[in-house]
> 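Let me give you the structure first, and then I'll get to my questions.
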Amino acid sequence: MKLFSARPLVQLLLPKLRIAMSRTLTTGTFQNSLPLNYRGGTRVQPIDSVGEEQAYEPSTGRVISTFPCSGEKEVNEAIQSAKAAFKIWSQKSGMERSRVLLEAARIIRERSEELATMETINNGKSIFEARVDIEISWQTLEYYAGLAGSMAGQHVQLTGGSFAYTRREPLGVCVGIGAWNYPFQIACWKSGPALACGNTMVYKPSPFTPITVVLLAEIFKEAGGPPGLFNVVQGGAATGEFLCNHPDVAKISFTGSVPTGSKIMGMAAKGIKPVTLELGGKSPLIIFSDSNLENAVNGAMMANFLTQGQVCCNGTRVFVQRDILEKFTEMVVEKVKKIQIGDPLLEDTRMGPLINRIQLDKVFGFIKGAKEQGAKILTGGDPYTPKDPKLKGGFFMNPCVLGNCKDDMTCVKEEIFGPVMSILPFDTEEEVLQRANNTTYGLAGGVFSRDIQRAHRVVAALQAGMCFINNYNVSPVELPFGGYKKSGFGRENGQVAMEYYSQLKTVCVEMGNVESVF
Ligand SMILES: NC(=O)c1ccc[n+]([C@@H]2O[C@H](COP(=O)([O-])OP(=O)(O)OC[C@H]3O[C@@H](n4cnc5c(N)ncnc54)[C@H](O)[C@@H]3O)[C@@H](O)[C@H]2O)c1
Ligand SMILES: C[N+](C)(C)CCCC=O
C-alpha cells in the first residue's frame, strides 16, 4: 500500500464525500443554491440577463432552481473566456490534451453515482438509465482522448523535390447547444471531440436541465484544463441566438428540434459558420415474420421506452409483418403493462416522469388525436398516479401502444417525444421500404430478420443515418451518429467527429526557383 500519494488528502476524500452526499439525496430533497453559469474556471452569476427560467424536478413537479437567462454581455464574456483559453489549449500537443480528457473521464467515473443522481433529479429518467448515460459520457471523453494524439496531416511529394503537407487545425471557439433528454451525455458528445481537436467551448444546455453540465465544466477544470476551456451560459432561445450570432464563434453544434435547427442554420449561414445539426426523428422499425420474436419484442421496447420515450432516434413506427402481428402485439402489450413506473431514484424503477407538464400535455394531445383518427389504444396513454404522496405533482403517464394505425395519422407522421409506440402491419419488403422512407425525417431505422441478406438489403435502402439490425438504440461512442434528410447533418461520435471540429490547412513548399510566366 502506498503511504504517500501525489494527490492531497482532501482530493482523495472528496469523491467519497460526494458519493455519500448523493446517496442521501432522495426524491423531493434537492434544491440548487449555486450559480449555474461557468466561465474563466469558476461558477458565476451572469452580468446581464434576458428574463429568468425555472428548472423542475419532474418526478415531484417542484421547482429546484430559478435562474437568470444570460444576456448579450454575459454571452460575450463567456466567449471571450473561451477565446483566451483557445490561445493556450490550441498550442498544446494532442497528448497533452489527451491527458486532461483522460483525467476528466476518470473523475466522471469516480463521481458517476453523484452525476447520475443529479441527472435523474433534473431530467426524470430512471437512475438505472442515468448510470448508463454517465458511463457513455466518460467513455466518450476516453475515446476522444485516444484520438487527440493522432490528429495529423498528410505529406504529399511534388515535382522537383517540392512537397506539400496538410495540417489539421482546430476551428476556435465552438458553441454547443443541447436538448434536455440527455443533458450530460450530449455535452460530452460535443465537448469530447471539440476539445480533443484543440477548440474551446461555450455550452448552453436546455433551460429545463441546467444542473449537470455545470458539474462537467468543473470537472474539466479539476482535470487540469485551462480556465475558459469549457464555459456554460444558461437560458433559452434569446441566449442561444446571442451565441449563434456572435462573430467570434467558429462553429455551432446543435442538438434539438427541426424548427430550432432551421433557425440555427439560418444564423450560422449569416456568419458562414459550419454547423452540426442533430435533430428529431420518426424512425421506422421493421419486423419481419422470420425474426426471433422475443428479440424483436425486446428491440421494440428498447426502441420506444427509454427515457420515457423522449429519445430522438426512437423507432416509433413499428412495422410488423402481418402474419406475426397478433402475436407480436400481444407480447409487446404484456411487456409494456409490466414496466415499473415511479420514483426514478429507486433501483427497480424503469420509467420516470416526462420532462414537464407541457410535454406531458403535448403527448396526451397526440394520443387524443390518434383516437379521433381511428387508432386503438392497446394499453396506457393515460395519466399514471403514483401511490407515493411526494410524487403526486409529477409528470407521469402510462406508456402507450397504439394499434390500428395508418400511415397518414398524425401520431404516425409526427415526432411525439413520449412513450407512445405505433404498430403498423405490412405485407411485403418493397411495400414496407416505401412506407418507412415516406417521411421528411431520417435519423434512424431498424430491421429484425433472420435472413441476413434481406436485413442488409433493407438497411441499405433505408434513408436514415443510424441503422440497426436485430437490435435498437445501441450507440457506443465508436459509432458515428447523425441523421439524413431533416434529421440533420454532420456526425457526432466515431473518428469522423474529429473532422467536424477541425479544418484542413494545406502548405505548399517550393524547393526550387520560382518560374514566373510573366
Ligand atoms: N439527433 C439527436 O442527436 C437528438 C438528440 C436529442 C434530442 N433531439 C431532438 O431534440 C428535440 C427535443 O429537444 P428540445 O425540446 O430541447 O429542442 P428545442 O429545439 O426546443 O431546444 C433545443 C435547444 O435549443 C435552444 N434554442 C431554442 N430556440 C433557440 C434559438 N432560436 N436559437 C438558439 N438556441 C435555441 C433551447 O434552449 C435548447 O437548448 C426533439 O426533436 C429531439 O428529437 C435530437
Ligand atoms: C443513447 N441513445 C439512446 C442512442 C440516445 C442518443 C441521444 C438521442 O436523443
Side-chain angles (χ1 to χ4, degrees), residues 50 53 69-70 75 123 125 129-130 132-137 139-140 175-190 203-210 213 232-246 249 252-268 275-283 302-316 354-356 358-359 362 414-418 441-444 446 464-466 468 471-477 479-484 486-493:
V50 277
E53 286 278 356
C69 301
S70 299
V75 165
N123 169 278
K125 64 176 72 191
E129 269 194 59
V132 177
D133 291 3
I134 301 301
E135 193 176 329
I136 292 176
S137 299
Q139 286 174 357
T140 301
V175 157
I177 297 181
W180 43 263
N181 57 344
Y182 286 82
F184 196 84
Q185 186 184 293
I186 292 175
C188 288
W189 279 15
K190 295 189 189 307
Y203 193 87
K204 191 195 81 59
S206 162
F208 304 154
T209 50
V213 76
V232 179
V233 292
Q234 301 284 354
T239 307
E241 287 180 15
F242 293 138
L243 282 169
C244 296
N245 288 321
H246 198 291
V249 166
I252 305 162
S253 177
F254 172 76
T255 298
S257 63
V258 173
T260 311
S262 168
K263 286 185 201 158
I264 301 270
M265 201 170 156
M267 290 184 274
V275 273
T276 295
L277 295 179
E278 292 286 354
L279 309 178
K282 189 76 195 178
S283 303
M302 292 299 286
N304 279 272
F305 298 115
L306 289 171
T307 307
Q308 293 72 252
Q310 303 161 128
V311 180
C312 53
C313 45
N314 270 0
T316 47
L354 273 68
I355 188 73
N356 54 31
I358 294 173
Q359 187 66 17
K362 193 175 145 200
E414 292 184 19
E415 184 183 45
I416 299 177
F417 226 53
Y441 291 115
L443 188 53
M466 179 81 231
F468 304 94
N471 207 337
Y472 206 95
N473 266 340
V474 193
S475 56
V477 60
L479 311 186
F481 182 91
Y484 281 16
K486 281 194 176 174
S487 292
F489 52 76
R491 289 292 176 269
E492 296 200 301
N493 295 348

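Order of listing sets the numbers, starting from 1, for every ligand and every atom in it.
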> Is the shortest distance from a heavy atom of Y182 to ligand 1 less than 4.0 Å?
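It does not, in that no heavy atom of Y182 comes within the 4.0 Å cut-off of ligand 1.
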
> When only distance counts, is I136 in polar contact with ligand 2, meaning an N/O pair under 3.5 Å?
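No, there is no polar N/O contact under 3.5 Å.
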
> With a 4.0 Å cut-off on heavy atoms, does S206 reach ligand 1?
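Within the 4.0 Å threshold, so yes.
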
> Any idea which protein heavy atom is nearest atom 38 (C) of ligand 1, and the distance to it?
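Closest protein heavy atom to atom 38 (C) of ligand 1: G178 O, 3.3 Å.
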
> Contact between W189 and ligand 1, counting heavy atoms under 4.0 Å?
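So W189 does not count as touching ligand 1.
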
> Say whether E492 and T276, considering side chains only, have a donor N or O and an acceptor N or O under 3.5 Å apart.
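On atom types as modelled, these side chains do not qualify, holding no pair under 3.5 Å.
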
> Which protein non-hydrogen atom lies closest to atom 9 (C) of ligand 1, naming both residue and atom, and how far is it?
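Its nearest protein heavy-atom neighbour is G256 O, 3.1 Å.
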
> Determine, considering heavy atoms only, which of W180, F242, F208 sits nearest to atom 15 (O) of ligand 1.
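Nearest heavy atom to atom 15 (O) of ligand 1 lies in W180.
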
> Any heavy atom of G488 closer to ligand 1 than 4.0 angstrom?
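Heavy atoms of G488 never come under 4.0 Å of ligand 1.
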
> Under 4.0 Å, heavy-atom basis, I'd like to know which part of W189 is in contact with ligand 2: side chain, backbone, both or neither.
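Side chain only; the backbone of W189 stays clear of ligand 2.
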
> How far is atom 26 (N) of ligand 1 from its nearest protein heavy atom, and which residue and atom is that?
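For atom 26 (N) of ligand 1, the nearest protein heavy atom is T260 CG2, 3.6 Å.
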
> Determine whether any heavy atom of M267 lies closer than 4.0 Å to an atom of ligand 1.
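It does; at least one heavy atom falls under 4.0 Å.
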
